A.B. asks: 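One structure, pasted below without further comment.
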Amino acid sequence: MTISSKILILRTVSQVRQWRAKLFSDNQSVGFVPTMGALHAGHCSLVRKSLEENDKTIVSIFVNPSQFAPHEDLDNYPRTLDRDLEILESEFSDKQVDAVFVPKVSEMYPNGISLDIDKQKGAFVNVHGLSEQLEGITRPQFFRGVSTVVTKLLNIVQPTRVYFGQKDAQQCVVINNLVRDLMIPTKVRVVQTVRESNGLAMSSRNEYLSKEMKDRCSIIYKALKEGASLYNENREKGGKVNSSIIIDRIKDIVSQNDEFEIEYVAASHPESLEDVELIEPGVGAIVSCAIKVPKESSTEKARLIDNIILQ
Ligand code: AMP
């Protein structure tokens, strides 16, 4: 156990359990914010909400290998622990984060963890029916990894409330179902997406982009907003709205930049995540997208996701 200037740093499961046991006996509520680090204002808004709603707040920083496929960016994913701790120490004035959980991979995966799903051994969690579409199409092991690590973390921390960002809309649906189906006694709270002033959704992966590319990427949210305006115009005429006109408009706008590669733009039912052809006012839809954009000084692309909720 280490104490940085203000925050308690916990590195093992048993240290977290010890910290938590005392709070159970004192009847204190605990808010938990799981992250992969490289913290930005989006993460901070989750932390702020947790500080507001709970007696104590714990943040985890863990780049979870099991949600990355072998060809993905696990090795290059930004790891900035010192800066993250500084942010957690300096960002919040009224109330401070109480603890940060920074486990090693071996602590979270005592059996070890291969990125090759066929070689993985041990217990894994999968939310069937909600993990295969959208992000799951090109990242088939992603939500199995997320669901597994979130289950582990919730079992370790046993928080009163756990905080997730709307930016990862499918993740929110998956986790809501996971917590409900496995009877986990934690409330899931979803916090609105925090954006740069130009509208670009904040993301740790934005660190891969040049300043100029970040400006160009602001077109993604502009396109989503255009799609939402089109929905609202059609909704006012009465009846259901054809999702294809919205999807086409968004694709048209994003593809004006020929360096961008559209992986998907979809309109999904807010609970089942099934494709919706006709959007029913009152039920609404999640309109989400994944766009690949050029990384700074590299021939590779960064994959950005964003979404907008239609009511
Ligand atoms: P990550 O570190 O990317 O795994 O994200 C940790 C949590 O922060 C997840 O619940 C994300 O949805 C949330 N998050 C990431 N970016 C944002 C953002 N721009 N606004 C709000 N929440 C976010």
Side-chain angles (χ1 to χ4, degrees), residues 31-53 57-68 72-74 76-81 83-85 87-88 91 97 100-103 105 108 127 134-135 139 141-154 157 159 161-179 186-209 214 217-218 220-221 224-225 286 288-291 302-309:
F32 173 43
V33 183
T35 81
M36 298 210 298
L39 300 183
H40 51 67
H43 297 112
C44 290
S45 79
L46 271 58
V47 173
R48 203 162 285 116
K49 197 87 196 146
S50 174
L51 291 170
E52 273 166 34
E53 294 184 343
T57 288
I58 178 166
V59 175
S60 65
I61 296 178
F62 179 64
V63 182
N64 173 40
S66 71
Q67 69 195 61
F68 289 80
E72 291 180 346
D73 58 346
L74 175 64
N76 296 328
Y77 195 86
R79 287 165 173 84
T80 57
L81 183 60
R83 202 182 76 192
D84 291 347
L85 294 173
I87 290 174
L88 291 176
E91 190 66 21
V97 169
V100 185
F101 180 40
V102 193
V105 172
M108 295 299 286
V127 180
L134 303 169
E135 289 298 286
R139 307 188 75 192
Q141 65 196 69
F142 177 67
F143 284 114
R144 177 175 176 275
V146 169
S147 301
T148 300
V149 81
V150 170
T151 304
K152 285 171 186 267
L153 288 167
L154 292 177
V157 177
R161 299 180 187 84
V162 65
Y163 294 81
F164 289 93
Q166 182 62 49
K167 161 157 183 297
D168 299 283
Q170 185 175 9
Q171 176 165 278
C172 294
V173 177
V174 167
I175 300 298
N176 262 314
N177 280 263
L178 164 80
V179 164
T186 292
K187 272 207 170 59
V188 178
R189 307 279 284 124
V190 174
V191 179
Q192 273 191 0
T193 304
V194 176
R195 300 178 179 282
E196 306 276 358
S197 54
N198 65 12
L200 175 65
M202 295 211 178
S203 164
S204 305
R205 289 193 168 95
N206 291 355
E207 295 200 9
Y208 297 140
L209 310 180
K214 281 189 201 161
C217 289
S218 64
I220 298 171
Y221 185 53
L224 290 171
K225 279 205 299 192
I286 303 171
S288 60
C289 63
I291 315 287
R303 188 173 175 283
L304 304 184
I305 62 171
D306 201 352
N307 66 83
I308 198 160
I309 308 293

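In this chain, residues are counted from 1 in sequence order. Counting starts at 1 for both ligands and their atoms, following the listed order. Predicted, not measured: the structure shown is a model, and the values here were computed from it.
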A.B. asks: Compute the shortest N/O to N/O distance between L46 and ligand 1 and return yes if it is under 3.5 Å, no if not.
C.D. replies: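 No - when backbone and side-chain N and O of L46 are compared with those of ligand 1, no distance drops under 3.5 Å.
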A.B. asks: Does atom CD of E52 have more than 12 heavy-atom neighbours, drawn from other residues, nucleotides or ligands, at distances under 6.0 Å?
C.D. replies: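 Count over threshold, so yes.
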A.B. asks: For H43 and ligand 1, does the shortest N/O to N/O distance drop below 3.5 Å?
C.D. replies: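 Among all N and O atoms of H43, at least one is under 3.5 Å from an N or O of ligand 1.
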A.B. asks: Identify, for atom 10 (O) of ligand 1, the protein heavy atom at the shortest distance, and state residue, atom and that distance.
C.D. replies: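 For this ligand atom, the closest protein heavy atom is G165 N, 3.0 Å.
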A.B. asks: Is the closest N or O pair between V191 and ligand 1 shorter than 3.5 Å?
C.D. replies: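 N/O-N/O distance under 3.5 Å: no.
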A.B. asks: For ligand 1, note which part of M202 has a heavy atom under 4.0 Å away: side chain, backbone, both or neither.
C.D. replies: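 Both the backbone and the side chain of M202 come within reach of ligand 1.
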A.B. asks: Could you pull out, from Y77, Y163, F62, the option with a heavy atom nearest to atom 3 (O) of ligand 1?
C.D. replies: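 Minimum heavy-atom distance to atom 3 (O) of ligand 1 goes to Y77.
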A.B. asks: Test your reading of the model: is there a side-chain donor-acceptor pair from S204 to the backbone of A38, 3.5 Å cut-off?
C.D. replies: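 The answer is yes, because a donor-acceptor pair under 3.5 Å joins these two groups.
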A.B. asks: Looking at non-hydrogen atoms alone, which of S45, A41, S60, G42 comes nearest to atom 23 (C) of ligand 1?
C.D. replies: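 That would be G42.
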A.B. asks: Could you tell me which atoms of ligand 1, counted from 1 in the order shown, lie closer than 4.0 angstrom to a heavy atom of T35?
C.D. replies: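 The list of qualifying atoms is 2 (O), 6 (C).
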A.B. asks: Is N176 close to F164 at the side-chain level, that is, under 4.5 Å between some pair of heavy atoms?
C.D. replies: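 No, side chains not in contact.
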A.B. asks: So, using side-chain contact (heavy atoms from CB on, under 4.5 Å) as the criterion, who are the partners of R195 when residues are at least two apart?
C.D. replies: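 Here the qualifying residues are T193, A201, Y221, D306.
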A.B. asks: Should E91 and R48 count as an ion pair when the cut-off is N to O under 4.0 Å?
C.D. replies: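 Salt bridge: yes.
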A.B. asks: Between K167 and V194, is any pair of side-chain heavy atoms under 4.5 Å apart?
C.D. replies: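 Side-chain contact under 4.5 Å: no.
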A.B. asks: Just to check, does P34 reach to within less than 4.0 Å of ligand 1 when the distance is taken from its heavy atoms?
C.D. replies: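 Within the 4.0 Å threshold, so yes.
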A.B. asks: Would you call H40 a ligand 1 contact, heavy-atom distance under 4.0 Å?
C.D. replies: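 Flag set, H40 near ligand 1.
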A.B. asks: Is the closest basic N to carboxylate O distance between E53 and R189 below 4.0 Å?
C.D. replies: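 Counted as a salt bridge, because a side-chain N and a carboxylate O are separated by less than 4.0 Å.
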A.B. asks: Write out the residue and atom name of the closest protein heavy atom to atom 20 (N) of ligand 1, then the distance separating them to 0.1 Å.
C.D. replies: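 For atom 20 (N) of ligand 1, the nearest protein heavy atom comes out as V194 N, 2.8 Å.
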A.B. asks: Does any N or O of ligand 1 fall below 3.5 Å from an N or O anywhere on D168, backbone included?
C.D. replies: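 Yes, at least one N or O pair falls under 3.5 Å.
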A.B. asks: For Q192, is the nearest heavy atom under 4.0 Å from an atom of ligand 1?
C.D. replies: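 Heavy atoms of Q192 do come under 4.0 Å of ligand 1.
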A.B. asks: Less than 4.5 Å apart, any side-chain heavy atom of F101 and any of L153?
C.D. replies: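 When only atoms from C-beta onward are counted, L153 and F101 do touch, with a gap below 4.5 Å.
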A.B. asks: Any atoms of ligand 1 less than 4.0 Å from a non-hydrogen atom of M36? List them with their elements.
C.D. replies: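 Answer for ligand 1: 1 (P), 2 (O), 4 (O).
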A.B. asks: Side chains of F68 and Q141, heavy atoms from C-beta outward: is any pair under 4.5 Å?
C.D. replies: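 F68 does not reach Q141 side chain to side chain.
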